[in-house]
Number of protein chains: 2
Amino acid sequence: MLLPMERSTATNHAAVLDAARTLFADHGYRGTSMKDIAEVLGVRAPSLYNHVASKQDILHAIMDKAMDRAITALDEALAGISDVSEQLRRATESLVLDFLRYPAEVTVCNNEVRSLDPGNRIAIVAKRDQYAGRLRKIIEQGCRSGRFQTRTPQLAAFAVLEMGNGAKSWFKASGRYTDTYVAGEYGEFALRVVGCTDSSGRSPSAKGPQRSKPQVS
Amino acid sequence: MLLPMERSTATNHAAVLDAARTLFADHGYRGTSMKDIAEVLGVRAPSLYNHVASKQDILHAIMDKAMDRAITALDEALAGISDVSEQLRRATESLVLDFLRYPAEVTVCNNEVRSLDPGNRIAIVAKRDQYAGRLRKIIEQGCRSGRFQTRTPQLAAFAVLEMGNGAKSWFKASGRYTDTYVAGEYGEFALRVVGCTDSSGRSPSAKGPQRSKPQVS
DNA sequence: ACTACTAATTAACGTTCGTTAGTACCGTAT
DNA sequence: ATACGGTACTAACGAACGTTAATTAGTAGT
């Protein structure tokens with residue numbers, strides 16, 4: 001059995017997660033039934049249990065994978081970057097890009113933490129706090145070194161983290177810009193929020209050279 | 001019947017909404033049963049139908065009231081203010097203050113639009129868009145008059161709108177600052193995001209006079 | 001005392017849910 | 001041919017849901 005069975009629609013673990021992701025994002029965990037997920041795959045609800053252990057496991061798998069991907073992206077964005085302004089810019093761009101490219105996963109992560117069983121919840125929340133903590137520490141470091149000017153670094157961190165949600169909900173509606181352009185704009189917003197005046201080479205001013213062009217889609 | 005009946009716990013329309021608000025915010029609309037709401041009031045589920053028409057009506061009433069209150073607060077915050085920087089500052093402060101003072105309502109408004117019946121949904125979304133549109137127009141006006149410096153006014157508007165959510169989730173956890181102080185900080189953040197350099201009197205710099213003091217709670 | 005009204009109750013309804021059990025089909029390997 | 005692993009199906013379960021109906025108790029007004 002070298003080649004997997006070729007059905008018209010292959011139903012496997014990943015396919016179930018794919019179908020559930022959109023439904024969870026659109027109608028919520030409790031607003032989505034196993035029957036709903038099965039219908040997307042052209043299958044009856046009990047058949048899903050050949051691929052997943054439970055509905056709860058679907059939710060946990062979706063969120064766990066999404067958090068790992070976001071954390072990995074942050075790792076790569078910050079690799080080898082020592083300048084704190086550039087760290088904040090790249091971290092924000094990474095965050096926003098993840099939001100724009102995987103809006104369903106992000107929506108689920110934002111809204112369905114409460115739907116996780118206690119055991120799964122503490123695991124996901126730990127990864128979430130780890131991510132937020134890294135961004136907060138960048139801002140705190142920038143404030144200590146005098147590069148950033150804000151009285152409330154923790155408040156600024158939360159402001160930056162949440163800004164990305166605006167990008168996500170807006171990006172879906174209007175397709176005027178590319179995801180990388182929007183991410184670049186939010187990178188600027190983040191540096192402005194923390195009161196950074198010298199962004200080490202790249203200009204934060206609207207009159208400076210643009211990093212990428214807006215593009216009609 | 002001049003005086004209303006004095007029971008140990010008065011169950012009426014407002015009381016049902018109060019009980020449902022917190023439950024909807026914590027566990028979602030579909031994650032909250034009529035029995036759950038009734039238990040908070042020390043009553044059985046069918047008794048609720050003496051005060052509300054349906055579960056859906058509870059949700060609609062909560063969101064409609066919350067939107068009206070936010071819009072009224074925005075009206076009052078902007079009354080008689082002509083300077084566009086001050087308009088943005090006051091609008092943001094009004095938004096954040098509303099988020100901090102009525103976190104449950106705001107959470108419901110943010111998360112449960114999808115749980116509204118189609119008829120109710122378009123009514124609520126219209127008010128939501130009205131609110132967002134007013135903030136967006138302030139930023140666009142500031143950009144046209146040259147007071148704000150940002151390439152993407154619409155993006156900045158969404159960034160400012162979403163920032164308040166960060167304040168809400170963070171404010172619950174840490175009680176280090178007063179709500180008015182946090183709102184003031186976010187007013188500054190908003191002006192920074194749009195690239196406003198002259199905020200007409202009040203200093204946006206960390207070195208300038210603070211508008212209010214942080215206060216341990 | 002009688003009436004009217006309000007708000008609470010229990011019982012029950014039809015539906016939907018997540019999940020399990022038992023079974024049949026089908027492609028592959030022996 | 002035959003046995004097997006994987007995947008699908010139908011049927012059914014117990015539980016929970018929103019809601020309605022019928023009834024009871026208590027209060028106010030005449």
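Note on naming: letters A, B, ... go to the chains in the order of the sequence lines (proteins, then strands), and numbering restarts at 1 for each one.
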Between [N] ([atom2]) and [X] ([atom1]): distance, integer Å:
{"X": "Asn50(B)", "N": "dA21(D)", "atom1": "CG", "atom2": "C1'", "value": "13 Å"}
{"X": "Leu48(A)", "N": "dG6(D)", "atom1": "CG", "atom2": "C1'", "value": "15 Å"}
{"X": "Ile37(B)", "N": "dC17(D)", "atom1": "CD1", "atom2": "P", "value": "11 Å"}
{"X": "Leu41(A)", "N": "dA8(D)", "atom1": "CG", "atom2": "P", "value": "9 Å"}
{"X": "Asp57(B)", "N": "dG18(D)", "atom1": "CG", "atom2": "C1'", "value": "13 Å"}
{"X": "Glu39(B)", "N": "dA16(D)", "atom1": "CD", "atom2": "P", "value": "12 Å"}

Look at the side-chain N and O atoms of Thr11(B) and state whether any lies under 4.0 Å from the OP1 or OP2 oxygen of dA8(C).
-> yes
Hey, is the side chain of His51(B) poking within less than 4.0 Å of OP1 or OP2 on dA8(C), counting only N and O atoms?
-> yes
Would you indicate whether Arg30(B), at its atom CZ, is surrounded by more than 12 heavy atoms from other residues, nucleotides or ligands within a distance under 6.0 Å?
-> no
Protein N or O to nucleotides 10-17 of chain C N or O, pairs below 3.5 Å:
unit_1, atom_1, unit_2, atom_2, d
dT10(C), OP2, Arg44(B), NE, 3.1

How about Thr107(A) and Glu112(A): do any of their side-chain heavy atoms sit closer than 4.5 Å?
-> no
Considering only heavy atoms from C-beta outward, does the side chain of Arg151(B) approach that of Tyr181(A) to under 4.5 Å?
-> yes
Tell me, which pairs form a side chain to side chain donor-acceptor pair (under 3.5 Å) where one or both residues lie in residues 121-132 of chain B, sequence neighbours left out?
-> Asp64(B)-Lys127(B), Asp68(B)-Lys127(B)
May I have all residue pairs that pass side chain to side chain donor-acceptor pair (under 3.5 Å) and include part of residues 35-54 of chain B, sequence neighbours excluded?
-> Ser33(B)-Asp36(B)
Measure from the side-chain N and O atoms of Lys168(B) to the backbone N and O of Ala104(B), and report whether any donor-acceptor pair falls under 3.5 Å.
-> no
